[in-house]
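Here the structure is a predicted model, which is why all the values come from computation and not from measurement. Read the numbers this way: they start at 1 and go in the same order the structure lists the ligands and their atoms.
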Amino acid sequence: MQFIDLNTQQKRIRDDIEARLKAVLDHGRYVMGPEIDEIEETLAGFSGVTHGMGCASGTDALLLALLAKGISPGDVILTTPFTFIATAEVVSLLGAVPVFVDIDPRTFNMDPQALEQTILAMDSGSGDAALPGIKNLPKAMGIIVVDLFGQIADYDRIEAIADKHGMFVIEDAAQSFGALQKDKKSCSFGHIACTSFFPAKPLGCYGDGGMCFTNDQEADTIMRSLRMHGQGSDRYDNVRIGINGRIDSFQAAVLLSKFSVFPEELELRQQAAERYNSLLGDSDKVLSPLVEQDNQSAWAQYTLMAAKASWRDQILDHMKTREVPTAVYYPKPLHLQDAFTNLGYSIGDFPVTEDCAARVFSLPMHPYLSEEDQEIVAKAVLSFEPE
Ligand SMILES: Cc1ncc(COP(=O)(O)O)c(C=O)c1O
């Protein structure tokens with residue numbers, strides 16, 4: 001059994017992928033070929049926004065979004081410590097300062113109440129033990145909100161807080177492409193939304209790729225310039241400092257092919273998640289994932305929580321002996337990473353995040369997961385007996 005099976009999907013669409021890759025070989029426009037316009041238009045339309053701009057990775061998408069927002073050294077960005085490093089890494093890379101905000105224990109997404117508390121404490125300059133890392137920092141410019149494991153965060157509340165305090169919002173939708181909240185799709189929240197096409201993502205390519213989405217024409221124009229070394233009116237006119245952040249024509253071709261089955265794959269993921277829910281039920285050993293009523297997850301991960309932190313590694317060992325692959329996203333929160341020691345955080349600063357990091361584990365999840373395999377997985381989970 002595989003944790004993520006990309007081969008079954010490839011077999012299904014192999015002829016189409018080959019035809020599209022051959023088309024790139026034939027026209028030879030490996031950089032900024034016609035596939036890029038096509039995938040940008042297709043995915044912006046799917047997400048319900050006016051502009052989609054392909055780029056080299058989800059990390060570059062976040063970097064380009066922050067650059068477009070004019071983030072520079074010393075600026076403060078609020079974000080979550082329970083995410084992949086890239087979310088806060090891009091902030092530090094620009095010389096800006098990530099300030100972390102704790103998460104909701106059931107959705108793993110940023111807790112709006114904790115966000116408000118952090119902003120108020122920063123306003124009053126009262127960096128204290130309860131809200132560490134915020135002493136003597138300027139007011140935050142913006143918030144990077146993460147839709148973890150495929151579930152869209154609580155933007156109704158977060159955007160209201162951001163508006164009240166004059167901050168921008170960036171949606172880190174690297175894990176949630178295709179998810180829904182009420183009638184709004186992932187990648188349509190915030191001022192700019194960013195996604196990743198890393199192969200393991202709900203919509204992945206065969207290498208690295210990403211996209212920025214926005215309804216803001218000006219931001220889109222700036223990001224298009226930034227992804228091409230700050231290009232102005234032509235290739236050798238540079239009006240700002242940018243990066244080489246383009247997506248390849250080959251990757252855009254793969255995405256076009258994969259997108260043809262993507263809506264169906266989202267349904268298959270949903271069915272697989274529902275099957276896990278009913279197989280696992282309520283247990284005193286593990287907690288099943290909670291999807292809020294207004295949300296439909298893209299199920300990038302199906303993540304359980306061990307009832308006790310001390311059981312998590314025992315469960316992982318137990319699953320291993322039954323040859324069921326598992327993964328832990330994320331075992332070490334960002335505020336405890338060596339890369340962020342300069343921020344001055346320590347153990348205990350974000351109790352909810354730390355508790356989740358010690359208890360979560362993810363099960364195999366992909367659209368082609370068979371019922372038999374899901375039964376094997378569920379049996380393995382349910383047969384766990386703590387030592
Ligand atoms: C939440 C989150 N943000 C950003 C990224 C970065 O995306 P990429 O790997 O395409 O650079 C990822 C990728 O794993 C992610 O999960």
(request) Could you tell me whether some N/O pair between Q175 and ligand 1 is separated by less than 3.5 angstrom? (result) yes
(message) Would you say the ring centers of F259 and F46 fall short of 6.0 Å from each other?
(response) yes
(message) I need the nearest protein heavy-atom contact for atom 15 (C) of ligand 1: residue, atom name and distance, please.
(response) A174 CB, 3.4 Å
(request) Looking only at distances, please establish whether an N/O atom of ligand 1 is found under 3.5 Å from an N/O atom of L62. (result) no
(request) Report the nearest protein non-hydrogen atom to atom 14 (O) of ligand 1: residue, atom name, distance rounded to 0.1 Å. (result) K201 NZ, 2.7 Å
(message) Return the closest protein heavy atom for atom 8 (P) of ligand 1 as residue, atom name and distance.
(response) G58 N, 3.4 Å
(request) Kindly indicate whether the side chain of M319, heavy atoms from C-beta on, has any atom under 4.5 Å from the side chain of F384. (result) no
(request) Could you list which atoms of ligand 1 come closer than 4.0 Å to a heavy atom of A86? (result) 4 (C), 5 (C), 6 (C)
(request) Report yes if the distance between the aromatic ring centroids of F177 and F262 is under 6.0 Å, otherwise no. (result) yes
(message) I'd like to know whether the aromatic ring centres of F108 and F149 sit less than 6.0 Å apart in this structure.
(response) yes
(request) Only one of R12, R14, R20 passes salt bridge (Lys or Arg N to Asp or Glu O under 4.0 Å) with D16; say which it is. (result) R20
(message) With a 3.5 Å distance limit and no angle check, can you tell me whether R240 reaches the backbone of S225 through a side-chain donor-acceptor pair?
(response) no
(message) Can you confirm if the aromatic rings of F361 and Y329 lie within a centre distance of less than 6.0 Å?
(response) no
(request) Show which atoms of ligand 1 fall inside a sub-4.0 Å distance from at least one heavy-atom site of T59. (result) 6 (C), 7 (O), 8 (P), 11 (O)
(message) Regarding ligand 1, does T83 bring an N or O atom to under 3.5 Å of one of the ligand's N or O atoms?
(response) no
(request) Would you mind listing which atoms of ligand 1 come within a distance below 4.0 Å of any non-hydrogen atom of S196? (result) 7 (O), 8 (P), 10 (O)
(request) Provide, to 0.1 Å, the distance between atom 3 (N) of ligand 1 and the closest protein heavy atom, together with that atom's residue and name. (result) D172 OD2, 2.7 Å
(message) Students should be able to answer this: which protein heavy-atom is nearest to atom 12 (C) of ligand 1, and at what distance?
(response) F84 CD2, 3.5 Å
